[in-house]
Participant: 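Once you've had a glance at the structure underneath, I'll fire off some questions.
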Protein chains: 2
Amino acid sequence: MKHDAVMLMGRIHELTQKWLRRELASAGLPGVAPSHGDVLALLFMKGESTMHELAAFAHRTKATTTVLVDKLEAMDLVRRATSVYDARTKVVVLTERGEALKEDFERISNKLVSMVYAPIGKTGGERLEQLLNKVLVSLEN
Amino acid sequence: MKHDAVMLMGRIHELTQKWLRRELASAGLPGVAPSHGDVLALLFMKGESTMHELAAFAHRTKATTTVLVDKLEAMDLVRRATSVYDARTKVVVLTERGEALKEDFERISNKLVSMVYAPIGKTGGERLEQLLNKVLVSLEN
DNA sequence: TGACAAAAGTTAGACATCTAACTATAATAT
DNA sequence: ATATTATAGTTAGATGTCTAACTTTTGTCA
């Protein structure tokens, strides 16, 4: 199915995901997927978060988020604890090893953004974001 | 930062994939993924194709393509045969049931394209394609 | 011609992801 | 106060995807 813009976005998305995996592996995190990165990203930004918040931020289901956090916990990058205010809620926190990755993640993230924006420049990038935003908002309704 | 082009393309890609799955299910093809659609699309366009050609067109590995064709064969939408000229090569052909889906696929494909282009118009669509093309070409090198 | 490399395809094992069903806890309503 | 409903999270099973190893067949070259 050659859907023009749809097909182009799909290809770009897949290439960036693949690039991120390679980059994370090079940073000493083999087997870490971009979605794991999304989980960590929220923890870097706002500190401790619930499974629910992480799922919403990463655009993944609760079930998937459980598995993602399982893996990060097994790697000793995050830790789970039961909330004091609500026994249903789990609070996820970065470990020391997790905190230590913040700079690596920012470096990789910046590198990806500049790779994507390089061929179209600043104005092209802004125009691209405008168009994509309109498309996304439209699809979400 | 949170709304950069990479993230937007990822979201749009995931939403369109999900939409396609629903649409294919509604067309009497539950469990058929967009990647199966890509396989069928090449068969609609150029007729019989090898596994190698299908993999390249769908941007999937040989292993994945084997599984995709397995499923389509189990659904009696395509058929495999060994090439007369090269015993290593398998030739994949549409069955009668597979051929019958062509119109449904074109309808769904057109619907998706118009959904995506609707909020940005013809000129916006062309500009979007230009920008995406530059980004993709750049990433592929 | 005969050994070895290349190519087409499949199989095995792993993983991220989803939906559906489940447990446990909290909130609501009668 | 108790029963019902809602919410947070996990588990189970299925699926599309990948890499790596394998089989079979074809091509190459000394």
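Below, read A as the first sequence line, B as the second, and so on, with proteins coming before strands; counting in each chain starts at 1.
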Participant: Under the 3.5 Å rule, do the base of C/dG9 and the side chain of B/K90 count as making a donor-acceptor pair?
Facilitator: no
Participant: Atom CZ in A/R11, atom CD in B/E140: separation rounded to 0.5 Å?
Facilitator: 5.5 Å
Participant: Does D/dG16 have its OP1 or OP2 closer than 4.0 Å to a side-chain nitrogen or oxygen of B/R60?
Facilitator: no
Participant: Can you tell me if the side-chain N/O atoms of B/T64 get under 4.0 Å from OP1 or OP2 in D/dT17?
Facilitator: no
Participant: Can you find an N or O donor on one side and an acceptor on the other, under 3.5 Å apart, linking the side chain of A/R88 with the base of D/dT7?
Facilitator: yes
Participant: Between B/K122 and B/E126, does any NZ, NE, NH1 or NH2 come within less than 4.0 Å of an OD or OE carboxylate oxygen?
Facilitator: yes
Participant: Tell me which of A/A87 and A/Q17 sits closer to the 5' end of DNA chain C, going by the nucleotide each one is nearest to.
Facilitator: A/Q17
Participant: Choosing from D/dA12, D/dG9, C/dA26, which nucleotide comes nearest the side chain of A/T89?
Facilitator: D/dG9
Participant: Closer than 3.5 angstrom, by distance alone: can the side chain of A/S83 be matched with the main-chain N or O of A/K90 as a donor-acceptor pair?
Facilitator: no
Participant: Distance from A/L94 atom CG to A/L77 atom CG, nearest 0.5 Å?
Facilitator: 8.5 Å
Participant: Touch check for A/T65, heavy atoms < 4.0 angstrom, all strands: base, sugar-phosphate only, or nothing?
Facilitator: nothing
Participant: So what does B/S35 hit on the nucleic acid, given a heavy-atom distance under 4.0 Å: a base, only sugar-phosphate, or nothing?
Facilitator: sugar-phosphate
